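A short worksheet on the structure shown next.
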Amino acid sequence: MIKKTIIWLKNDLRLSDNRALSHACKGNNKILFLYILDETPAIGAASKWFLYKALKSFKEDIKQKYNADLLIKSGNSKDIIDQIAKKYDIDSIVYNRVYEPDAIKRDAKIKEYFQQMNLEVKTFNSSLLFEPSKIKNLSGSYFKVFTPFWKKCLTQISNIDAPHKIPKSLELIKLEQNEGLNLQDLNLLPQSPNWAKNWDSLYKVSEEEAHNLAEDFMNNRMLNYVEGRDFPATNNTSFLSPYLHFGLISPKQIYFKSMIFSGNAGLNHFLSEIGWREFSYYLLYYFPDLPQKNFKSKFDSFPWENNKEDLEKWQKGMTGFPFIDAGMRQLWNTGWMHNRVRMVVASFLTKNLLIDWRIGERWFWDCLVDSDLAANSASWQWVAGSGADAAPYFRIFNPITQSQKFDPKGEYIRKWVPEIAHLSDKEIHYPVHRDEYPEAMVDLKFSRNRALAIYKKIS
DNA sequence: TGAAATGTTGGGGCG
DNA sequence: ACGCCCCAACATTTC
């Protein structure tokens, strides 16, 4: 008997190691590829650009490999699936789980609804190495500190099943003419101004490219990862974050690919970065308010100043601190910022400017191509000190020292803050008022001590 | 996945 | 030769 199956795509825009897809291809199934733009949560502007490219590539891939079309819809997921299920006489719905709190709630309702309608609903984990519900500490509760969490995960890492291959062939449900939307109709691309007009040269977005990046990283930079990862002027990180977020590559694929470096320090470090991603999802799973609420409630009484002009200077990269401004401009112009610099600008915003981490989180959310609710909120809380296993309150980065350490020749600064590119390697780290370039917006010593006093009081 | 303040040590200049 | 001081350089403590 032939079963008609919807494969409901979310942040799993790939054909290889797509657990829901490989399941749907087993047995006597006819498949309908469905993508619904159901913004839960609302997607940031830069991420929308990446999503557009990812969908475009996925659409092309299924066309080329299976001569399949992607049915694109926008709106309420349940209503849309319901309508399609009825129209095409669907028997079964399969999808890979997502782990954002609102989406979990939404999907639970959807699953229940269709099961009651006697449809088969099958879900899979295709975006995490470890299912959050399966990792617990000895007392049966959840880990709140990264190291023991990751240690526990590592004891189970050899159980991870190998990535699935791309299904060779599949049967299709024939779509009616003009069913669904054109990709353009989703309004994912910026119009006026089109700030992403040169982004095609920055990102090739495809499943194939995700694997190329992973391999390029492993072949050329993994061995130097421990040291190299900290220098924003160099290209020593994997650059995989947006591809991971939208599922153009899975963490299991990355893990298996990286096994040739087994035992290497670079690999362990790299895997622990994957581990932080897992930990972020894990925390979000057990503490669904993570994007809004301080994990440590002591921080609820933190006297944030939230000065609007200060925030704007930070957002525009006009703080007068070259390293900070380089980072903020890299973010604005490219939708990405080097991890080392993310920590420094976040520390500056929360500690030197006393601006609420949630405001910084929102800015990153809108500007990053790799915006990820779990990673973004967990990381901002980590920097602010309000998070689980957070940086201690007194760990305040000095943007000048960080600049001297991690951009010793000022290459990163020169690239993004050209107004001061003529300064010497020595001078370039220090705030200088030059023409359009502003004076330092705060006194580091003063603002540091002010933050210390406040943090000391509330913790 | 800090930085600054404070403490300790040891070499060298000097009377 | 010796004690004294200075001050890097490193170590420890504190925030």
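To find a chain, count down the sequence lines: A is the first, B the second, and so on, and within it residues start at 1. Model, not experiment: these values are computed from the prediction.
- The stretch residues 425-444 of chain A participates, sequence neighbours left out, in no ring pair (Phe, Tyr, Trp, His ring centres under 6.0 Å) pair at all.
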Task: Pairing annotation in dot-bracket form, given for DNA chain B with Watson-Crick or G-U pairs under 3.5 Å and | for cross-strand partners - done: .||||||||||||||

Can you list, pair by pair, the side-chain donor-acceptor contacts under 3.5 Å of residues 249-267 of chain A, counting residues two or more places apart and other chains?
unit_1   : atom_1 : unit_2   : atom_2 : d
A/Ser250 : OG     : A/Asp17  : OD2    : 2.5
A/Ser250 : OG     : A/Lys252 : N      : 3.4
A/Ser250 : OG     : A/Gln253 : N      : 3.1
A/Gln253 : OE1    : A/Ser250 : N      : 2.9
A/Gln253 : NE2    : A/Ser16  : OG     : 2.8
A/Lys257 : NZ     : A/His211 : ND1    : 3.1
A/Lys257 : NZ     : A/Glu215 : OE2    : 2.7
A/Ser258 : OG     : A/Ile254 : O      : 3.3
A/Ser258 : OG     : A/Tyr255 : O      : 2.8
A/Asn264 : OD1    : A/Gly266 : N      : 2.7
A/Asn264 : OD1    : A/Leu267 : N      : 3.2

Please set out all donor-acceptor pairs under 3.5 angstrom arising from side-chain atoms of residues 268-275 of chain A, sequence neighbours excluded.
unit_1   : atom_1 : unit_2   : atom_2 : d
A/Ser272 : OG     : A/His269 : O      : 3.0
A/Glu273 : OE2    : A/Arg229 : NH2    : 2.7

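- By the 6.0 Å and 45° rule, A/Lys293 does not stack over the aromatic ring of A/Phe287.
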For nucleotides 1-6 of chain B, which of its nitrogen or oxygen atoms have a protein nitrogen or oxygen under 3.5 Å away, and what is each distance?
unit_1 : atom_1 : unit_2   : atom_2 : d
B/dG2  : OP2    : A/Arg340 : NH1    : 3.4
B/dG2  : O3'    : A/Gln402 : NE2    : 3.3
B/dG2  : N2     : A/Phe394 : O      : 2.8
B/dG2  : N2     : A/Arg448 : NH2    : 3.4
B/dA3  : OP1    : A/Asn398 : N      : 3.2
B/dA3  : OP1    : A/Gln402 : NE2    : 3.0
B/dA3  : OP2    : A/Lys405 : NZ     : 2.9
B/dA4  : OP1    : A/Asn398 : ND2    : 3.0

Side-chain donor-acceptor pairs under 3.5 Å in residues 142-150 of chain A, sequence neighbours left out?
unit_1   : atom_1 : unit_2   : atom_2 : d
A/Lys144 : NZ     : A/Ser141 : OG     : 3.3
A/Lys144 : NZ     : A/Tyr142 : O      : 2.9

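- The ring of A/Trp49 has its center closer than 6.0 angstrom to the ring center of A/Tyr203.
- With a 6.0 Å cutoff to the six-membered ring centre and a 45° limit on the axis angle, A/Lys351 counts as a cation-pi contact of A/Tyr455.
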